[in-house]
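Note that the structure is predicted; figures quoted are calculated from it, not measured. The analysis underlying the following values was restricted to heavy atoms, covering all of them including side chains, and did not include hydrogens, waters or symmetry mates.
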Amino acid sequence: MQNTNTQHDTPTLHSQLHARHAIIKQSCEQATQRTDKPLIVGYHTALILQYIPTPVQCRNKSAIQTVDVPGMAKLWKAGITPHQWIIGSAESLVPILPKLYAFDLFHAWAQMAATSTFEQLIIMGDAIVQLLADAITVGIPDPGTPIHVRGSNITVRLSEELAGRLQHAQHSMAPDLTSTQSVVRMALGEFIKRPERYRGKSQCQKAYRHITGTALSPQETRTRLALTRHGLPEPECNITIRDLHFTSGAPVTVDLAWRTAKIAIEYDGDHHRTQRAQWMNDHQKRNLLQNNDWKVFVIDAAALATDEARANFAFSVARALELRGTPTRFTPVARPW
């Protein structure tokens, strides 16, 4: 049954990303009309234009973040915040509109390192790896070619540099070990190893160790990090439960899980309670899981809001894992990064 009363529905992550993309794209298009020079954007502007969730403090910034590229004309206009970025080139740019270019996702992520928290950097890295992994499921396209991201209505493009890095990573991996996540993650690792110095490079190197690219939302990444920092084993993200299906025939998936222990975690955003169809889907899923000996933890933003809340949540999950024979190294205080 579909919910026809949609005017009060909470927007999903994808709808939020599309809305932010449209606003920033319109602002950039208006800026290009005021000059005959190309507009080159980076930082959070480039991430939003390529459908990556950005920290809250970035969403409130109205200025377009432009970047000076060596050998290309500089642009100084009202409403534009210029930056220097010494490791990029024309090969690092993705065409968005005529006269509008964005730094590719690896460069834009690295640019954010100096002004983001460590957790925010991991969350953005996770989102980038996941998005690109879904974009290259049928192969790595030529630079600038529109790519439809699997399971969404999002279209992205690769820069010449990024396409080359992905191809190199794919060719370097053993065929039996290759997944799109592992290809993108390896390419990101090689990008970080480049010899040039830039602000936040050490943060990128540290954050890379915590990036998996398997989470489908920032809150799923926050949940995973909250658990592992308290000594729990790494959960799998967004897995399909074998032999469990909805009445429609669709397979049951969960946000995070430990298969052997049959313990699952479901993160409920606001739309899980405000959209009736989503609520009914969740109710059916959790009944199916519990009837098949799965223990399900359902959490929301409150469980991740404070150090104490995260510790209590991690303890509850650790206890359940131990009772089902999966050892943990739970600590009441989160381990340092």
Asker: Do Ile239 and Arg259 have side-chain heavy atoms sitting under 4.5 Å apart?
Answerer: yes
Asker: Kindly assign one of parallel, tilted or perpendicular to the pair Phe103 and His107, based on the angle between their ring planes and the thresholds 30° and 60°.
Answerer: tilted
Asker: Search all heavy atoms of Glu196 against all heavy atoms of Ile87 and return the closest pair with its distance.
Answerer: CB-CG2, 3.3 Å
Asker: Looking only at the side chains, is there a donor atom on one of Gln219 and Tyr267 sitting less than 3.5 Å from an acceptor on the other?
Answerer: yes
Asker: When you compare the side chains of Gln284 and Thr247, does any donor N or O come within less than 3.5 Å of an acceptor on the partner?
Answerer: yes
Asker: Quick one about Glu161 and Ser92 (side-chain donor to acceptor, distance below 3.5 Å, no hydrogens or angles considered), yes or no?
Answerer: yes
Asker: Is Arg335 atom CZ crowded by more than 12 heavy atoms from other residues, nucleotides or ligands, each under 6.0 Å away?
Answerer: yes
Asker: Taking the basic N atoms (NZ, or NE/NH1/NH2) and the acidic carboxylate oxygens, is any pair closer than 4.0 Å for Glu322 and Arg319?
Answerer: no
Asker: Treating Thr306 as the side-chain partner and Ala309 as the backbone partner, does any N or O pair qualify as donor plus acceptor under 3.5 Å?
Answerer: yes
Asker: Does atom CZ of Arg324 have more than 12 heavy-atom neighbours, drawn from other residues, nucleotides or ligands, at distances under 6.0 Å?
Answerer: yes
Asker: Do Leu158 and Val94 have side-chain heavy atoms sitting under 4.5 Å apart?
Answerer: no
Asker: What distance do Leu17 atom CG and Ser152 atom OG have between them, rounded to the nearest 0.5 Å?
Answerer: 10.0 Å
Asker: If you compare all heavy atoms of Ala314 against all heavy atoms of Leu227, which two are closest, and at what distance to 0.1 Å?
Answerer: CA-CD2, 4.0 Å
Asker: Can Asp268 and Arg286 be counted as an ion pair, charged N to O under 4.0 angstrom?
Answerer: yes
Asker: To check you understand the geometry: which heavy-atom pair defines the closest contact between Val184 and Phe106, and what is its length?
Answerer: O-CZ, 3.9 Å
Asker: Given side chain to side chain contact (heavy atoms under 4.5 Å, CB included), test Trp109 with Ile211 step by step and report yes or no.
Answerer: CA-CA 12 Å; Trp109 176 71; Ile211 293 170; 3.8 Å; yes
Asker: Keeping the roles fixed (side chain from Gln120, backbone from Thr117), state whether a donor-acceptor pair exists under 3.5 Å.
Answerer: yes
Asker: So do the side chains of Leu39 and Lys99 get within less than 4.5 Å of each other, counting heavy atoms only?
Answerer: no
Asker: Nearest 0.5 Å, what's the OG-CD1 distance between Ser27 and Ile64?
Answerer: 5.5 Å
Asker: If we ignore angles and hydrogens, is there a donor and acceptor under 3.5 Å between the side chains of Asn153 and His148?
Answerer: no
Asker: Taking C-beta and beyond as the side chain, do Thr328 and Val317 meet within less than 4.5 Å on heavy atoms?
Answerer: no
Asker: Following the transitive rule for hydrophobic clusters with a side-chain heavy-atom cut-off under 4.5 Å over Ile, Leu, Val, Met, Phe, Trp and Tyr, establish whether Ile86 and Leu93 coincide in one cluster.
Answerer: yes
Asker: Determine whether Val129 and Thr212 satisfy the following criterion, side chain to side chain contact (heavy atoms under 4.5 Å, CB included), listing intermediate values before the conclusion.
Answerer: CA-CA 7 Å; Val129 172; Thr212 64; over 6 Å; no
Asker: Is there a donor-acceptor pair closer than 3.5 Å between any side-chain N or O of Arg310 and the backbone N or O of Ala226?
Answerer: no
Asker: To the nearest 0.5 Å, what is the distance between CG (Leu13) and OH (Tyr51)?
Answerer: 13.0 Å
Asker: If we count only N and O atoms by modelled type, under 3.5 Å, do the side chains of Asp104 and Gln50 hold a donor and an acceptor together?
Answerer: no
Asker: With a 4.5 Å cut-off on side-chain heavy-atom distances among I, L, V, M, F, W and Y, is there a chain of contacts connecting Trp85 to Met112?
Answerer: yes
Asker: For the backbone of Leu49 and the side chain of His21, can you confirm whether one donor and one acceptor N or O come within less than 3.5 Å of each other?
Answerer: yes
Asker: Under 3.5 Å, side chain of Glu266 to main-chain N/O of Asp255, donor-acceptor pair present?
Answerer: yes
Asker: If only side-chain N and O atoms count, and only distance matters, is there a donor-acceptor pair under 3.5 Å linking Thr214 with Glu236?
Answerer: no
Asker: Val156 vs Leu131, test: side chain to side chain contact (heavy atoms under 4.5 Å, CB included). Steps then yes/no.
Answerer: CA-CA 9 Å; Val156 296; Leu131 178 75; 4.0 Å; yes
Asker: Where is the tightest heavy-atom contact between Met124 and Pro55, given as atom of each residue plus distance?
Answerer: SD-CD, 3.6 Å
Asker: Check the hydrophobic clustering (I, L, V, M, F, W, Y; side-chain heavy atoms under 4.5 Å; chains of links allowed) and say if Ile299 and Val254 are grouped together.
Answerer: no
Asker: Is the shortest heavy-atom distance from the side chain of Thr228 to the side chain of Pro235 under 4.5 Å?
Answerer: yes
Asker: Check whether Glu220 reaches the backbone of Leu216 with its side chain - one donor and one acceptor, N or O, closer than 3.5 Å.
Answerer: yes
Asker: To the nearest 0.5 Å, how far apart are CD1 in Ile192 and OG in Ser202?
Answerer: 11.0 Å
Asker: Just checking Phe315 against His230, ring centres under 6.0 Å apart?
Answerer: no
Asker: Do Gln65 and His83 meet the criterion of a side-chain donor-acceptor pair at a distance under 3.5 Å?
Answerer: yes
Asker: Is Ile48 reachable from Leu97 through a run of I, L, V, M, F, W or Y residues, each pair having side-chain heavy atoms under 4.5 Å apart?
Answerer: yes
Asker: Is there side-chain contact between Ile123 and Pro53, with heavy atoms separated by less than 4.5 Å?
Answerer: no
Asker: Indicate whether any N or O donor in one side chain lies under 3.5 Å from an N or O acceptor in the other, for Tyr208 and Arg185.
Answerer: yes
Asker: Can Phe118 be reached from Tyr43 by stepping across I, L, V, M, F, W or Y side chains whose heavy atoms are under 4.5 Å apart?
Answerer: yes
Asker: Does His168 NE2 have over 12 foreign heavy atoms under 6.0 Å away?
Answerer: no
Asker: List the atom of Leu288, the atom of Leu244, and the distance in Å for their closest heavy-atom pair.
Answerer: O-CD1, 4.2 Å
Asker: Just how far is it from atom CD1 of Ile52 to atom CG of Asp126, taken to the nearest 0.5 Å?
Answerer: 10.5 Å
Asker: Could you go step by step and tell me if Ile128 and Leu47 meet the side chain to side chain contact (heavy atoms under 4.5 Å, CB included) rule?
Answerer: CA-CA 9 Å; Ile128 288 167; Leu47 293 177; 4.1 Å; yes
Asker: What's the separation between atom CD1 in Ile136 and atom CG in Leu162, rounded to the nearest 0.5 Å?
Answerer: 9.0 Å
Asker: Do Met173 and Ser182 come within less than 4.5 Å of each other through their side chains, counting heavy atoms only?
Answerer: yes
Asker: Is the count of non-hydrogen atoms from other residues, nucleotides or ligands lying under 6.0 Å from Lys201 atom NZ greater than 12?
Answerer: yes
Asker: Is there a side-chain contact between Ser159 and Glu91, using heavy atoms and a 4.5 Å cut-off?
Answerer: no
Asker: State, without any angle test, whether Gln130 and Asp134 hold a side-chain donor-acceptor pair at a distance under 3.5 Å.
Answerer: yes
Asker: Looking only at heavy atoms, what is the nearest atom pair of Ala261 and Leu321, with distance?
Answerer: CB-CD2, 3.9 Å
Asker: Measure from the side-chain N and O atoms of Lys285 to the backbone N and O of Thr253, and report whether any donor-acceptor pair falls under 3.5 Å.
Answerer: yes
